[in-house]
Structure formats: structure tokens, C-alpha cells
**Student:** 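Please find one structure pasted underneath; my questions will follow.
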Amino acid sequence: MNKQLFLFLLLMSNFSFAQRTETLLKDNWKFSKGDFEKAIDIDFNDESWESVSIPHDWAIKGPFNKENDIQRVKILQDGEKKATEKSGRTGALPYMGTAWYRLKFNVSSQSLDKKVLLHFDGAMSEAKVYINGKFVGEHPYGYAYFYFDIGEFITEGENTLSVRLHNEPKSSRWYPGAGIYRNVKLIVKNKDAVERWGTTISTPFVDKENAKVIVSTKTIGAVDKIVNEIVTLEGKSITKIESNDKFGSTFETILAVPQPKLWSPETPNLYRLITTTYKGGVETDQIKKTFGIRTISYTSEKGFELNGEQRKFKGVCLHHDLGPIGIAINRSALKRQLVLMKEMGADAIRTAHNMPSIEQLELCDELGLMVIAESFDEWKKPKVKNGYNRFFDDWAKIDVENLVRATKNHPSIIMWSAGNEVPDQYGTAGVKRAKWLQDIFHKEDPTRPVTVGMDQVKAVMANGFGAILDIPGLNYRTHLYEDAFEVFPQGFVLGSETASTVSSRGVYKFPVEEFKKKKYSDLQCSSYDLEACPWSNIPEDDFILQDDKPWVLGEFVWTGFDYLGEPSPYNEEWPSRSSYFGICDLAGIPKDRFYLYKSRWNTKEETLHILPHWNWEGREGEVTPVFVYTNYDKAELFINGKSQGIRIKDKTTRLDRYRLRWMDVKYEAGTVKVVAYDKNDKVVAEKEIRTAGKSHHLKLEADRTEIMANGEDISFVTVSVVDKNGIECPTANIPLTFSVKGAADFRAVCNGDATSLEMFHLPKMKTFNGKLVVLVESKNTKGTATLTVKGKGLKSNQVDLKVQ
Ligand code: GAL
């Protein structure tokens with residue numbers, strides 16, 4: 001029996017007064033691919049099945065195969081006129097098919113008198129849940145929250161939980177992953193208690209003196225009194241209120257927080273609400289909810305305001321996969337992504353195109369990132385044959401309700417999104433669906449507005465679809481922003497999805513020109529950041545709108561990180577199997593574009609970034625343009641000490657407004673130096689890059705050298721090939737091997753190459769343009785762990801981690 005579960009049961013049997021226990025069902029699951037109807041039976045023998053822990057992604061270990069979910073389709077959103085073979089569209093990983101999970105768990109006799117809920121944060125997908133051979137319920141949408149009251153299915157002693165999941169091919173436009181990839185919880189509480197998701201906290205009035213915190217508490221059973229107390233995260237009591245005014249099953253209380261510390265991306269202050277319920281003077285339940293105090297408003301006069309201050313979203317869209325570990329939720333992998341985005345200066349994310357995980361929202365609350373929580377990529381009209389269109393009629397209302405109920409108290413969420421580029425943008429039925437969904441959001445949560453990311457801008461201007469939304473969100477189509485602003489009544493427009501510039505880390509192509517849908521024989525894209533898709537654009541086109549149009553609410557760049565699947569512009573070319581859109585690559589290593597956004601968004605730090613690298617043997621004397629991404633307006637470039645001239649940002653020229661470009665530089669090995677000047681021509685900063693010599697040894701940089709001994713914390717170690725002087729070798733593609741000893745394990749490795757077929761979970765991989773990232777995961781025991789990295793002809797290296 002799993003240790004946690006055992007402790008929990010011990011607790012339940014010895015202390016029957018324990019009011020509420022929430023136990024993660026993490027370990028000791030059995031798993032097998034294939035359809036085993038008999039797996040629902042209590043006495044089914046699963047000994048030969050694989051033992052797994054949840055969260056789990058059954059498809060991430062591959063292998064990659066062109067035939068996995070090969071889609072012969074035309075992508076209408078991309079303007080395609082005829083069907084072609086798309087090989088890597090869903091990542092070329094084996095996510096399709098049926099699989100079963102089984103878990104034995106014990107129930108004490110005391111639990112039988114209580115409310116017992118089995119909760120899933122999400123399961124990919126078409127979950128059917130059985131306990132002791134009986135069907136409990138189902139939930140098809142892989143990104144949805146759901147739970148069952150399992151009181152009538154459990155018995156004292158051992159119980160058998162069986163979960164059947166099924167993924168149809170052609171059910172996604174990206175790698176959806178597969179399995180019980182988010183947490184599963186067993187909740188045992190009294191029958192007189194707070195209802196699941198029964199607490200709703202809002203902060204409608206805030207000033208320096210006081211914040212009004214309204215708490216509505218829905219209860220079950222015969223609760224006759226509640227006490228709501230607000231405390232600091234350290235537990236210091238701030239205010240407390242008692243109420244026995246019950247309206248139906250709900251208690252409404254208003255609490256005042258004096259001199260409130262507001263939540264914002266810059267000051268992510270949080271509070272905790274403790275709700276205690278009573279029946280006949282006896283305590284029956286207690287729950288704790290973290291929340292933040294903040295106000296949001298969207299008006300045609302001032303656009304978006306957070307806590308009364310106008311601001312524009314500096315946002316990125318994030319897909320749900322975590323690169324080399326697939327979709328299995330992992331807090332440290334999520335945190336690394338969000339920390340990198342914050343370092344770049346982003347203040348918001350859009351969970352595209354899925355319902356966010358609780359872990360992601362908790363991290364956004366803590367770190368300070370605003371969130372557009374999205375729900376669907378499809379309504380009733382299909383984008384992919386077996387997508388959500390099959391479930392929309394029966395499940396959309398439930399899925400939206402569950403999303404809002406499960407996540408509404410997160411201060412980070414500042415907007416809901418009902419959908420992304422749904423084909424229902426066409427036609428009156430779609431307009432009705434938009435209104436219907438928006439109304440469900442409003443009914444569940446009157447405090448936040450609703451958007452839809454729209455790409456059929458002319459259609460939604462004509463048919464009223466865009467006009468009925470709280471926030472009209474435009475995906476790309478920068479040439480239509482003005483028209484949309486004129487036609488729509490809201491008085492503002494949101495760049496719900498922007499850019500989709502494509503690039504491969506460390507790859508530069510010549511001549512340097514702007515291109516749409518440019519393809520190269522190596523299936524890579526150029527990092528001069530001038531390449532996009534037919535529907536998309538380079539970052540400048542969005543910057544200009546953000547800067548020149550006060551009515552644009554901000555932008556959400558596609559995407560913060562490369563993700564598995566959707567390898568545009570190489571949808572038809574094998575072995576491309578992951579995206580090129582990321583500001584960071586699939587390994588989480590920043591591409592050049594990171595610094596272009598940083599130069600604009602992170603105004604607290606200096607940015608002075610030179611591209612390309614300076615190892616162009618064979619290009620001597622050839623034109624090799626140099627770009628500098630910087631927050632400074634003026635700089636001079638030197639090649640081996642020779643000035644190449646001064647460049648000044650020029651507001652009147654699209655390509656010179658945000659980057660400094662030296663287009664005529666001729667390559668010669670040596671040094672590239674940039675010197676930035678202030679308005680008075682005083683030198684304010686310098687940066688130099690150099691041509692690297694032969695690969696010599698390996699540099700290892702861990703994002704964290706201390707990790708927690710919890711069996712899931714990950715240190716991300718960036719490995720770079722360097723020459724004898726420690727200069728990074730930007731063209732080195734060298735096979736490396738990895739081993740971890742001590743209190744951690746090797747978990748995965750990724751080099752960010754969208755065409756690599758090497759598997760992430762095996763301890764060997766080639767560097768891609770000199771780099772890769774190794775993921776080292778803690779065990780449950782404290783101690784030291786050592787990662788050793790070796791490569792032929794290179795001096796090996798190692799890094800020690802403290803696991804505590
Ligand atoms: C958008 C879409 C995204 C992604 C992106 C690529 O139209 O919403 O999911 O496909 O294009 O540019």
C-alpha cells in the first residue's frame with residue numbers, strides 16, 4: 001500500500017474526529033496500454049502491468065514515428081486549399097489508443113459514514129471510472145476538472161479503482177499527451193461541510209485604508225454556522241467573522257482587510273481564508289483557500305486597469321506540454337517556464353488552448369503573472385475530426401462550470417477565454433454559442449470578463465460575434481485591428497495571440513530577408529527573427545500597434561516555449577515534430593527573440609544582445625549582418641576593433657524602430673563588440689562575443705543546485721560545449737551521455753532541435769548548436785547527487801546537487 005495512503009487510513013481509523021482529509025493518489029498505480037474490459041473486475045490480475053506514479057504521460061517515451069497519428073488533412077485556419085500529409089502534427093508520439101490504470105486503496109469503517117469524493121484535475125482523455133467493478137462515471141474532455149461522489153461504491157477494507165482512458169487519432173492540433181497526467185485526490189469529509197468548490201472570494205472594493213472581501217460559502221448537510229477568518233500566509237490573524245445567516249445552502253460574509261497588501265505581478269501578495277463550519281455548536285469542517293486582493297477593470301476610456309492602474313498585457317501563450325517530460329504535471333518544470341518568462345519581463349500568460357492546471361495557477365499567484373484561463377480550441381464545428389466537437393453539446397456547460405468553480409479564487413486569473421479560433425465564428429449558430437458560453441462564465445463568475453481569440457476577423461465584424469464578447473480578442477491580422485476597433489462597440493481590442501514568428505535556436509540563414517513560410521533543406525528556421533507564417537508576423541508589427549494605439553489592451557505572443565507538435569512551416573516534412581514558434585526552444589533555452597522582448601518588457605534590467613554567433617568558417621568576406629537587441633536607443637558596432645558605424649532606433653522605420661541592425665558587416669573571425677550610448681553620447685554599456693576555437697570541454701549550469709527530496713523536484717542543467725578558453729562553441733553537435741549518482745535520478749534530456757528523433761528519457765543525446773538541457777530529478781531521500789556528462793573527445797564534467 002502506498003505510504004501516504006497508509007498514513008491517511010491510519011489517521012482515519014484512529015482519529016474519527018479528523019474532519020477532512022485530502023490524499024493524493026500518487027503511487028502504486030498499475031498501468032497498461034490496450035483495451036482490457038476485465039480490468040474493472042476486483043480480481044483482475046494486473047501483476048504483469050507496469051507500476052507507475054501519477055502524474056503520468058504514457059506517450060512521451062515514444063518512440064517518434066512518422067505514422068503516429070499521421071493526418072492527411074487541409075488546415076483551413078492556415079488557409080490551405082488541398083489536403084496534404086502532416087506527419088508531426090501531434091508530435092509523432094504514440095498518444096492514441098486505449099489504456100487502463102488500476103489502484104487498490106483501503107477505506108476505514110469511519111469513512112463510510114462520511115462524504116468521499118474522488119477528484120481528477122484532468123485525465124487525457126475520455127475517462128471512464130470504475131470502482132469495485134461498478135461504473136462510477138465518465139468525463140471526456142482531457143483538460144477538464146471533474147470529481148465523483150463515490151460513497152455508494154466503496155466498502156470497508158480494500159477497494160479497486162479502474163480508469164479507462166482512450167485517445168482517438170485526429171483529436172488534436174498539437175501533442176495532447178496521454179494518461180492521468182494531473183493529480184488525483186481522495187477527499188473524505190463530514191456530511192455537514194463546505195461543498196466541493198463551495199468557496200467564492202471576491203474583492204470588489206479596494207483602497208489604501210480598506211479592502212472589502214466578500215466570501216460566499218456553499219455548504220452541504222445541516223451546517224448552521226460558519227466562521228471565516230483571514231490570515232497572512234504566515235498565519236497571523238487579520239480579521240474574523242461569524243455568521244449563521246444561511247440563504248438556501250449558502251452563507252454570505254463580508255470581511256474588511258485594513259491597509260491591504262494588493263496582488264499584482266510586481267507585488268504578488270497573498271492572503272489565506274480559513275473557513276470553519278459548525279452544526280449544533282460542533283465543528284464539522286475546515287478548509288483553507290489562498291487568495292489575493294486586487295481589482296480589475298476594462299473600460300473604453302482607460303483600457304485595462306489593475307488596482308486602478310492602467311497597463312497593457314505583456315503576455316505569452318503557453319501550451320500545456322513541458323517539453324521532454326511531456327504533459328505529466330511537474331511543479332518545478334512549470335515554475336522554470338514561468339520564472340524565465342518573468343525574467344523576460346512578461347506579466348501575463350494565456351493557457352492556450354486548455355484549462356490551466358491548479359499547479360500553474362498557484363505558481364502564477366505566487367510569482368505574479370496574470371492569466372487568461374482558456375477553455376476550448378473547438379466548439380461544435382470541428383477543426384480536427386475527433387476533436388471536442390464530439391462532446392460540445394453534452395459537456396461544454398459542465399466543463400466551463402467546473403473550470404470556473406475549481407479555479408475562480410486565483411487572483412492571477414484576470415480574464416476567461418471561451419475559445420480559440422473556433423470555426424463557429426462563421427454563421428448565426430456560432431454567435432449564439434458565443435453568447436451562451438459567455439453567459440455561463442458570467443453566471444459562475446460575474447467578476448471577470450470573457451474573450452475569444454478570433455482569427456476570422458471580417459466574419460466576426462459582420463455577424464456580431466465580436467460585438468457580443470466582453471473583450472474582443474484578435475489573433476494576428478494586425479492589418480485589421482483598426483477596422484475591428486471601429487466596428488466593435490467595446491472601445492478596445494486585445495491582441496489575444498500575436499507574432500508566431502518562427503526560429504530555431506542558433507540557426508542563421510543568409511541572405512537575411514523577411515520571409516513568409518520560408519523552408520530550408522535542413523528543416524530549420526532562421527534566428528534573425530524575420531520569418532513568419534502566411535497568417536502571422538514578426539514581433540515589430542505587434543509592438544507598433546501596442547505603442548501607437550492606446551485602445552490595444554496588450555498582447556499574448558505565440559508562444560513562450562516551443563511545444564510538441566505543430567511544426568509549421570514544416571508540417572509536411574518529416575522528421576519535424578515540434579514547433580518553431582517559441583521564444584525559448586523545447587529545452588527552455590532562450591532563442592534570440594527572448595532578448596528582443598526583454599529589451600522592451602523588462603525595463604528594470606539592461607539588455608544588450610548580439611546576434612548571430614561569430615563562428616562562420618567559410619563565410620570570410622561575405623555579408624553577415626549583425627543585429628543587436630537592446631533597451632538602449634543608440635550603439636556602435638566593432639568587428640575586430642573596426643567601427644561598423646553607429647545605429648540609432650528610428651521610429652519611422654518598421655525594422656529599425658526596435659532593433660539595431662548592421663546589414664553590411666563582412667565576416668572575419670575574431671570579436672564582435674557593441675558599445676551602447678546614452679542621449680549625451682556617454683558610453684553606458686558594452687558587450688563582446690568571440691569566435692570560438694575547437695570544442696574542448698563541457699560547461700554545466702544548474703538552474704538550482706539545491707532541490708527538495710520529494711521524488712519530483714527537478715534541477716535543469718544546461719550543458720554547453722566550450723573551447724579551451726571557455727567560449728561557447730555555437731555549432732557543436734556532439735553526442736553526449738549522462739549519468740546521475742546519489743540522491744537523484746536522470747529524468748530526461750532535450751536539445752531543442754525540432755527535427756531530432758532521439759528520445760528524451762534515454763541518457764544520451766547530441767548537443768544542438770552547442771547546447772542541451774539535462775533534467776535531474778530528486779529521489780525521496782536526502783543527500784547529494786552528481787550528474788556526470790561525457791562526450792567523445794571532450795573533457796567530461798560534473799555538477800553536484802544538494803537534495804534536501
Ligand atoms: C494560431 C492558433 C495556434 C497556433 C498558431 C500558430 O492560429 O491559435 O493554436 O496554431 O496559430 O501560428
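Note that the numbering runs from 1 along the sequence shown for the chain.
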**Student:** Considering only heavy atoms from C-beta outward, does the side chain of Glu252 approach that of Asp245 to under 4.5 Å?
**Tutor:** no
**Student:** Anything under 30° is parallel, anything over 60° is perpendicular, the rest tilted; go ahead and classify Phe31 against Tyr101.
**Tutor:** tilted
**Student:** Please name the pair of heavy atoms, one in Gly711 and one in Asn780, separated by the smallest distance, quoted to 0.1 Å.
**Tutor:** N-OD1, 3.3 Å
**Student:** Hey, does the side chain of Glu195 reach the backbone of Lys218 with a donor-acceptor pair shorter than 3.5 angstrom?
**Tutor:** no
**Student:** Would you call Lys185-Glu22 a salt bridge at under 4.0 Å N-O?
**Tutor:** yes
**Student:** Under 4.5 Å between any side-chain heavy atoms of Phe441 and Val400, yes or no?
**Tutor:** yes
**Student:** Check Leu273 against Ile230 and note the closest heavy-atom contact, atom names and distance.
**Tutor:** CD1-CG1, 4.1 Å
**Student:** Taking the side chain from Ser375 and the backbone from Ser417, do they hold a donor-acceptor pair closer than 3.5 Å?
**Tutor:** yes
**Student:** Given the ring of Phe153, does Lys134 sit roughly above its face, with NZ or CZ under 6.0 Å from the centre of the six-membered ring and within 45° of the axis?
**Tutor:** no
**Student:** First locate atom CD1 of Ile413, then atom CG of Leu361, and finally report the distance between them rounded to the nearest 0.5 Å.
**Tutor:** 4.5 Å
**Student:** Any luck finding a side-chain donor-acceptor pair between Ser778 and Asn710 under 3.5 Å?
**Tutor:** yes
**Student:** Parallel, tilted or perpendicular, judged at 30° and 60°: which one describes the rings of Phe120 and Phe146?
**Tutor:** parallel
**Student:** If we only count heavy atoms from C-beta on, is the Asp192 to Gln19 side-chain gap below 4.5 Å?
**Tutor:** no
**Student:** If only side-chain N and O atoms count, and only distance matters, is there a donor-acceptor pair under 3.5 Å linking Asn420 with Arg350?
**Tutor:** yes
**Student:** Closer than 3.5 angstrom, by distance alone: can the side chain of Lys279 be matched with the main-chain N or O of Thr284 as a donor-acceptor pair?
**Tutor:** no
**Student:** Does the pair Lys246/Asp224 count as a salt bridge with the N-to-O cut at 4.0 Å?
**Tutor:** no
**Student:** Would you call the rings of Tyr175 and Tyr95 parallel, tilted or perpendicular, taking 30° and 60° as the class edges?
**Tutor:** perpendicular
**Student:** Checking the side chain of Lys408 only, and the main-chain atoms of Trp197 only, is there a donor and an acceptor separated by less than 3.5 Å?
**Tutor:** yes
**Student:** Taking all heavy atoms of Val803 and all of Ala785, pick out the closest pair and write down the distance.
**Tutor:** CG2-CB, 4.1 Å
**Student:** Does either side chain, that of Asp285 or that of Asn190, offer a donor lying less than 3.5 Å from an acceptor on the other one?
**Tutor:** no
**Student:** Listed by chain and number, what are the side-chain contact (heavy atoms from CB on, under 4.5 Å) partners of Ile358, not counting sequence neighbours?
**Tutor:** Asp121, Tyr145, Glu362, Thr407, His410
**Student:** Might you point out which heavy atoms bring Ala743 and Thr781 nearest each other, and give the distance in Å?
**Tutor:** CB-O, 3.5 Å
**Student:** Does the side chain of Glu158 come within less than 4.5 Å of Asn106's, by heavy atoms?
**Tutor:** yes
**Student:** Glu712 pairs by salt bridge (Lys or Arg N to Asp or Glu O under 4.0 Å) with which of Lys335, Arg747, Lys26?
**Tutor:** Lys26
**Student:** Determine whether Lys128 and Phe135 make a side-chain contact, defined as any pair of heavy atoms from C-beta on separated by less than 4.5 Å.
**Tutor:** yes
**Student:** Of all residues at least two apart in sequence or in a different chain, which pass the ring-ring contact (aromatic ring centres under 6.0 Å, His included) check with Tyr143?
**Tutor:** Tyr141, His320
**Student:** Is the backbone N or O of Glu374 less than 3.5 Å from a side-chain atom of Thr351, with the two atoms forming a donor-acceptor pair by type?
**Tutor:** yes
**Student:** Side chains of Phe105 and Leu118, heavy atoms from C-beta outward: is any pair under 4.5 Å?
**Tutor:** no
**Student:** What about His56 and Trp29, are their ring centers closer than 6.0 Å?
**Tutor:** no
**Student:** Checking Arg182 now: which residues fulfil salt bridge (charged side-chain N to carboxylate O under 4.0 Å, His left out) with it, not counting sequence neighbours?
**Tutor:** none
**Student:** Write down the atom of Leu322, the atom of Ala328, and the distance for their closest heavy-atom approach.
**Tutor:** CD1-O, 3.6 Å
**Student:** Looking only at atom types and distance, does a side-chain atom of Asp321 sit under 3.5 Å from a main-chain N or O of Ile327, one as donor and one as acceptor?
**Tutor:** no
**Student:** Which heavy atom of Ala144 sits nearest to which heavy atom of Asp399, and what is that distance?
**Tutor:** CB-OD1, 3.3 Å
**Student:** Could you tell me whether a side-chain N or O of Arg20 sits under 3.5 Å from a main-chain N or O of Ile287, the two making a donor and an acceptor?
**Tutor:** no
**Student:** Could you check whether Tyr130 and Trp100 have their ring centres less than 6.0 Å apart?
**Tutor:** yes
**Student:** Is the side chain of Asp365 donor-acceptor paired with the backbone N or O of Leu270 at a distance under 3.5 Å, no angle test?
**Tutor:** no
**Student:** Report yes or no: does Asp445 contribute a side-chain atom to a donor-acceptor pair with the main-chain N or O of Thr447 at less than 3.5 Å?
**Tutor:** yes
